[in-house]
Engineer: 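Here's a structure for you.
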Protein chains: 2
Amino acid sequence: MKISTKGRYALRIMVDLAQHDNGGYTPLKEISERQEISMKYLETIISHLNKAGFVESVRGKGGGHRLAKPAQELTVGSVLELVEGTLAPVSCLEGDRNHCDRANTCYTLPMWQELNRIIAEYLGSVTIYDLVHQQDQLIGNDYSI
Amino acid sequence: MKISTKGRYALRIMVDLAQHDNGGYTPLKEISERQEISMKYLETIISHLNKAGFVESVRGKGGGHRLAKPAQELTVGSVLELVEGTLAPVSCLEGDRNHCDRANTCYTLPMWQELNRIIAEYLGSVTIYDLVHQQDQLIGNDYSI
DNA sequence: TAATATTCCTACTAAGTCAATAGGATTTAT
DNA sequence: ATAAATCCTATTGACTTAGTAGGAATATTA
């Protein structure tokens, strides 16, 4: 029951891009330095974000990346679902292909469906903008300093 | 972001034990046949449940397993946390050992904490008894038949 | 044109996790 | 004794994760 580094890093990339958005393009090298994650690994992740239309990228000197949409329109759930493949907490809920023969008599399935709904609802309600603008939570919470 | 078969099967074992609880002990062979899961695999899972005090087991002929507590007192969350090790959606939240240097300036951590809280709250609110007594959901829901 | 800075692309790999299975030892009832 | 059950330790094949490697393509600038 874990979001992988790919999902976590993808969010950090999006937040970093939102924070340093001045209309231009941010090169990956800067994100890599700020986030302390190797450029090579970030490359594979941001390429995915680019292909899915979350990020616009420009090659060559002076190039880089920027958010393709306003941060208010990019939800945490959509980013995670993209790079993680799915957010379903059990394989039984992944599309139709994993539909189990026992589903219509399964006593645990309704609980999994509700868990799935709750997770999707929360992650769909938080945007990249929300993550950037949360001074209140960030400073003075129980894990700061 | 997946609960493994171990977690799912552990819940099915607990539900099966609750459904067939007549005061005596249910042998694993019966559970295996009803749930269509190999006895060998169930053995390793139920042994875990037994050591943690969720299930009482008796060896030898006529032996078997039964719930160690009333189903109302056994939450889905506690069972899953036991066999899965943790329910935290990101490794950053696992105890103190994975505490990250960046935690006090991490813009995604509060979101992960809230997600963690929501998941724990829901799974802690559903009991094995609830899973067994849910005819309304089970019959007539959109995945039955 | 040459140098430089950047993204883009494909492949590879070491380590870890998952989902079981195997083979027997031990215990208890009859 | 025999049968029916749990208990215990180890092993295995497949898959996933978390990167790394090496270079090709593109764009800017001097």
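In what follows, chains are A, B, ... by sequence order, proteins preceding strands, each numbered from 1. Hydrogens, waters and symmetry mates are skipped; everything else that's a heavy atom, side chains included, is used. Predicted model only: the values in this text are computed from it and were never measured.
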Engineer: Could you tell me whether the side chain of Arg12(A) and the main chain of Gln35(A) form a donor-acceptor pair under 3.5 Å?
Structural biologist: yes
Engineer: Name the pairs: protein N/O against N/O of nucleotides 8-12 of chain D, kept only if under 3.5 Å.
Structural biologist:
| from | atom 1 | to | atom 2 | distance (Å) |
| --- | --- | --- | --- | --- |
| dC8(D) | N4 | Glu43(B) | OE1 | 3.2 |

Engineer: Specify the separation, in whole Å, of atom NZ of Lys6(B) and atom C1' of dA20(C).
Structural biologist: 10 Å
Engineer: Identify which one of Val15(A), Leu11(A), Ile128(A), Asp130(A) satisfies the side-chain contact (heavy atoms from CB on, under 4.5 Å) criterion when paired with Tyr107(B).
Structural biologist: Val15(A)
Engineer: Compare all side-chain heavy atoms of Leu74(A) with those of Tyr129(A) and state whether any distance is below 4.5 angstrom.
Structural biologist: no
Engineer: Need one value for Ile46(B): base, sugar-phosphate or nothing, where a base atom within 4.0 Å counts as base even if backbone is also close, heavy atoms only.
Structural biologist: nothing
Engineer: Distance-only, no hydrogens or angles: does the Glu81(B) side chain make a donor-acceptor pair with backbone N or O of Ser78(B) under 3.5 Å?
Structural biologist: no
Engineer: State, to 0.1 Å, how close Val83(A) and Gly7(A) come at their nearest heavy-atom pair, and which atoms those are.
Structural biologist: CG2-CA, 3.5 Å
Engineer: With the threshold set at 4.0 Å, does a side-chain nitrogen-carboxylate oxygen contact exist between Lys2(A) and Glu94(B)?
Structural biologist: yes
Engineer: Taking atom P of dC8(C) as reference, at what distance in whole Å does atom OH of Tyr41(A) sit?
Structural biologist: 18 Å
Engineer: Contact list please: residues 15-26 of chain B against DNA chain C, heavy atoms, distance less than 4.0 Å, in numerical order.
Structural biologist: none
Engineer: I want to check one thing: is the phosphate of dG19(D), taken as OP1 and OP2, less than 4.0 Å away from some side-chain N or O of Ser38(A)?
Structural biologist: no
Engineer: Please enumerate all residues that pass side chain to side chain contact (heavy atoms under 4.5 Å, CB included) together with Ile118(B), with sequence neighbours excluded.
Structural biologist: Ile118(A), Tyr122(A), Glu114(B)
Engineer: Can you tell me if Thr5(A) touches the phosphate of dA18(D), counting only side-chain N or O atoms and a distance under 4.0 Å to OP1 or OP2?
Structural biologist: yes
Engineer: Do any pairs count as a salt bridge (Lys or Arg N to Asp or Glu O under 4.0 Å) and have a residue in residues 15-27 of chain A, sequence neighbours left out, and if so which ones?
Structural biologist: Asp16(A)-Arg34(A)
Engineer: Checking Ser32(A) side chain against Ile37(A) main chain: does a donor-acceptor pair fall under 3.5 Å?
Structural biologist: yes
Engineer: What is the distance from CE of Met39(B) to P of dG23(C), rounded to the nearest Å?
Structural biologist: 16 Å
Engineer: Can you give each donor-acceptor pair under 3.5 Å made by side-chain atoms of residues 42-55 of chain A, sequence neighbours left out, with the distance rounded to 0.1 Å?
Structural biologist:
| from | atom 1 | to | atom 2 | distance (Å) |
| --- | --- | --- | --- | --- |
| Thr44(A) | OG1 | Tyr41(A) | O | 2.8 |
| Asn50(A) | ND2 | Val55(A) | O | 3.1 |
| Asn50(A) | ND2 | Ser57(A) | OG | 3.1 |

Engineer: Between dA18(D), dA19(C), dA20(C), which one does the side chain of Ser4(B) approach most closely?
Structural biologist: dA19(C)
Engineer: Check the interface with nucleotides 1-4 of chain D: list each N/O to N/O pair with the protein under 3.5 Å, or write none.
Structural biologist:
| from | atom 1 | to | atom 2 | distance (Å) |
| --- | --- | --- | --- | --- |
| dA4(D) | N3 | Lys61(B) | N | 3.3 |

Engineer: Without decimals, in angstroms, what is the distance between Glu84(B) CD and dT17(C) P?
Structural biologist: 13 Å
Engineer: Take the protein atom NE2 of His65(B) and the nucleotide atom C1' of dT6(D), then report the distance between them rounded to whole Å.
Structural biologist: 6 Å
Engineer: What is the separation between atom NE2 on His48(A) and atom C1' on dG19(D), rounded to the nearest whole Å?
Structural biologist: 17 Å
Engineer: Please determine if a side-chain N or O atom of Tyr9(A) lies less than 4.0 Å away from the OP1 or OP2 oxygen of dG19(D).
Structural biologist: yes
Engineer: Send over the distance from Met1(B) CE to dT17(C) C1', rounded to a whole Å.
Structural biologist: 18 Å
Engineer: Going only through I, L, V, M, F, W and Y residues with side-chain contacts under 4.5 Å, is there a path from Tyr25(A) to Ile13(A)?
Structural biologist: no
Engineer: In Å, rounded to the nearest 0.5 Å, how long is the span from NZ of Lys69(B) to CE of Met14(B)?
Structural biologist: 8.5 Å
Engineer: Within this structure, what is the CD-to-C1' distance between Glu30(A) and dT7(C), rounded to whole angstrom?
Structural biologist: 14 Å
